[in-house]
4 protein chains.
Amino acid sequence: MFISWSTNLLMPRPKNTDERREQIIDGLLKVMSSKGYEGATVHDIARAAKLSPGLVHYHFGNKREVLEGLMERLLDGHFAALDAAMAQAGNAALARLDAFIDQHLATGATANPHTLSAWVVLGAEAVTSKVVRARYAEGLAGLQERLVAVIADGQRRGELKGPPPDEAAAGILAAIEGFYVVAATARPLIPRGSAAATLRAMARGMLEPKRRS
Amino acid sequence: MFISWSTNLLMPRPKNTDERREQIIDGLLKVMSSKGYEGATVHDIARAAKLSPGLVHYHFGNKREVLEGLMERLLDGHFAALDAAMAQAGNAALARLDAFIDQHLATGATANPHTLSAWVVLGAEAVTSKVVRARYAEGLAGLQERLVAVIADGQRRGELKGPPPDEAAAGILAAIEGFYVVAATARPLIPRGSAAATLRAMARGMLEPKRRS
Amino acid sequence: MFISWSTNLLMPRPKNTDERREQIIDGLLKVMSSKGYEGATVHDIARAAKLSPGLVHYHFGNKREVLEGLMERLLDGHFAALDAAMAQAGNAALARLDAFIDQHLATGATANPHTLSAWVVLGAEAVTSKVVRARYAEGLAGLQERLVAVIADGQRRGELKGPPPDEAAAGILAAIEGFYVVAATARPLIPRGSAAATLRAMARGMLEPKRRS
Amino acid sequence: MFISWSTNLLMPRPKNTDERREQIIDGLLKVMSSKGYEGATVHDIARAAKLSPGLVHYHFGNKREVLEGLMERLLDGHFAALDAAMAQAGNAALARLDAFIDQHLATGATANPHTLSAWVVLGAEAVTSKVVRARYAEGLAGLQERLVAVIADGQRRGELKGPPPDEAAAGILAAIEGFYVVAATARPLIPRGSAAATLRAMARGMLEPKRRS
DNA sequence: GATGAATGAGGCTTCATTCAT
DNA sequence: TATGAATGAAGCCTCATTCAT
């Protein structure tokens, strides 16, 4: 793999830009979860990435682009995992809904505390910055879209009832985002391990046809 | 303008500290909703408050104290309004729950977009800053406490069923906070005016005893 | 003068922006003549002005604005002195021409070596920067205009002959600017004190009606 | 591309240093005319030369040496062309003078706008940098020397009159340099194509014996 | 010779905070 | 109390230069 180029004495150092960019984004992720975006200096980021400070600006035009790169990565990774999980869940609306909720609150997203904090910080940055907001909103829209599909499908097939799909989806989405905020700022308020189950209960209660007694 | 009292050198300058502090806090509120906390310079704050920059540090030890003052004011105002609304709601658990939800998502909090954005920004600041986090968590805890009281009461009296009160409360709280985040960053995802109704449906679905058919 | 305000205890520190701006511009003038514009750091400028570095950006938006302020001052001062000198010279075209030349090469401009060097540096900066070039060209145009007026007038009245006024003016202007460059870079090439006399000879030779023998 | 020789590991890489140096100097020439010397980054230079940045420091010790190389080339080229032109002009003082002026203002130097701007920038750099100033002054001295020779010769032979040769030469030299400055910063002030003729008129006026009527 | 990644010093600029009036 | 000038630390970014390949 790197033998291939080293045999040719003329071929200069191979490009490793992508790798470095990932390292730097990782650095920001780590620092941002404890210091926020503004609080994360370029030196901090470089140190966390075990790189020299100048290199950050060699691979990114400016600090903000690192943030955008981070968003990209978080979203890409998240959607990949999400779609995989939902594909495994089968066709039943409730199962798919559970998979969606679990993917957000049980399995993956909450696992890495860096990611959790970073996402909350990103939300605030989205309030402030047009570019970040656009991408952030796009991410939320992607989630919303998947939820709407599941709910609309379930309602069409009679598996689900309740409010219009977009309203129900917004509620579920909000609860997920809200759990992130609370988890990142006041974790003890969420009884350990209860988030996914609680949201499943809320979603079911809103969408499940009433069982007779 | 200030000649009026100064002509009498014996008459002490009337104190207006509280008023000024409020002005300054207001200034931060306005600026923060569009620039975030770090992005709000003391000059910005002063300008928004129609005061001179030096005054900010005359009335506050430093910029962070203004933020803390803002939190205090948001929380105080919010709890006052909330408790008043719930007092009006009577004793029935569902009615109190509805009042709680409406107070957060229908009536007040979402009305002022400055407040909405500021609250989301504050959440991110809470991730970063110990002091802010403490007060922010305290605020969330106050809400959680009221929700738990309502739910536990309702369950004891048989008006409600469902998961343990603290878990249910956490879910409702999360949904509220999440609606704030979504409203501040991707408003179109929430069908206009649907937030409160949707959360009421989710809460009822989780907590209301099943009606037989 | 500053008693007036100090009697009123309410009147805060009087504005001194203009004075400070002049100080800073002076600082740049001094430093620029030995280090050029890029080479003059903001610290250098502040030190030369005996001010703190931060103050430079309190009174100017950025370093370039100081340069523009400097241009403004050099040009304003120069035109004021020039117009005064020419007014004193009377109406005869040759006398006015001599006054023009002397003002540039004998009396004033060459006196302060800071100004001389700075003007040459500014010329190069004009090559590079649109804003500087615009103002620099405007300054040259002002000189050219005055020269053209003198020459055209003299030719109309028969006191002068020679090429079209704008061409003759351009030649004289060029010679002046060129003397500045040579003086700032290779002074020994100009026999001491000869510049004005030489240019007068050149101008006369070009414009004076031939004397018969 | 470079495989051709590398296949034979024994064949040494053919040297192309001189060519590369010229390329790099050319790069600086191009960039400097629009960005100045400090403003021309090594990357800019390399890009303009269609080379990689690292190569610049392989062929030059540092950026300043490229500037010195550029001066050398400009001067060498200029003197070669100048001496050729003057050799063609014959022996008459006025003819040689005209050739000198034309070579600077009509034929060559003003043709390439890169060269023109670069020369003005170099003049400013000469104000600042000892090394550049030395070489720049040397260049001017070379011109002055040739002018003095022509004028002194002409005066000795009665073809010319006027001020001492060194003073007259300084005036002509200044006018040339000044035309460069004006051309590079405020070209419209020079009626198209008039520079050489105007300076010839000035020089003649100063040096030509008066013709009787 | 060639490439382009890597380094780190240093510059411009911002801004919280202090201070003279 | 009030003003706005003043300070200086610190951050982002640029860029000449070096280095691994």
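For the numbers below, each heavy atom of this structure counts, side chains included, while hydrogens, waters and symmetry mates do not. Chain letters run A, B, ... following the sequence lines, proteins first and then strands; every chain starts at 1. Just so we're clear, the structure is a prediction, and the values are computed from it rather than from any experiment.
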*Salt-bridge test for E125(A) and R135(A): reply yes if a basic N is under 4.0 Å from a carboxylate O, no otherwise.*
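Judged by the 4.0 Å cut-off on N to carboxylate O distance, E125(A) and R135(A) do not form a salt bridge.
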_Derivation of the salt bridge (charged side-chain N to carboxylate O under 4.0 Å, His left out) call for R47(B) and D44(B)_ = CA-CA 5 Å; R47(B) 194 179 325 123; D44(B) 288 339; 3.5 Å; yes
_Given dG8(E), dA2(F), dA5(E), identify the nucleotide with an atom nearest to the side chain of T17(A)._
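Per side-chain heavy atoms of T17(A), the pick is dA5(E).
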*Say whether, by atom type as modelled, one donor and one acceptor occur between the side chain of D26(C) and the main chain of L29(C) under 3.5 angstrom.*
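A pair under 3.5 Å: no.
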Could you give the [atom1]-to-[atom2] distance, from [X] to [N], as a whole number of Å?
X      : N       : atom1 : atom2 : value
I24(B) : dA16(E) : CD1   : P     : 14 Å
E19(B) : dA2(F)  : CD    : C1'   : 14 Å
E65(A) : dT14(F) : CD    : C1'   : 15 Å
H59(D) : dT17(F) : NE2   : P     : 16 Å
K50(B) : dT1(F)  : NZ    : P     : 22 Å
K35(D) : dT14(F) : NZ    : P     : 12 Å
L51(B) : dT3(F)  : CG    : P     : 7 Å
L55(B) : dT17(E) : CG    : P     : 15 Å

Taking the side chain as every heavy atom from C-beta outward, state whether [X] and [Y] have any pair of such atoms under 4.5 Å apart.
X      : Y       : value
T17(A) : R20(A)  : no
L67(B) : L122(B) : yes
Y37(C) : E38(D)  : no
M32(A) : L70(A)  : yes

*Just by protein heavy atoms under 4.0 Å, how would nucleotides 9-15 of chain E read 5' to 3' in B, S and -?*
--SSBBS
_Suppose we define a pair by two distances each less than 3.5 Å, Watson-Crick or G-U wobble; what does dA20(F) pair with here?_
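The answer is dT3(E), by the H-bond criterion.
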_I want to check one thing: is the phosphate of dG4(F), taken as OP1 and OP2, less than 4.0 Å away from some side-chain N or O of N16(C)?_
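So the side chain of N16(C) is outside the cut-off, no N or O lying under 4.0 Å from OP1 or OP2 of dG4(F).
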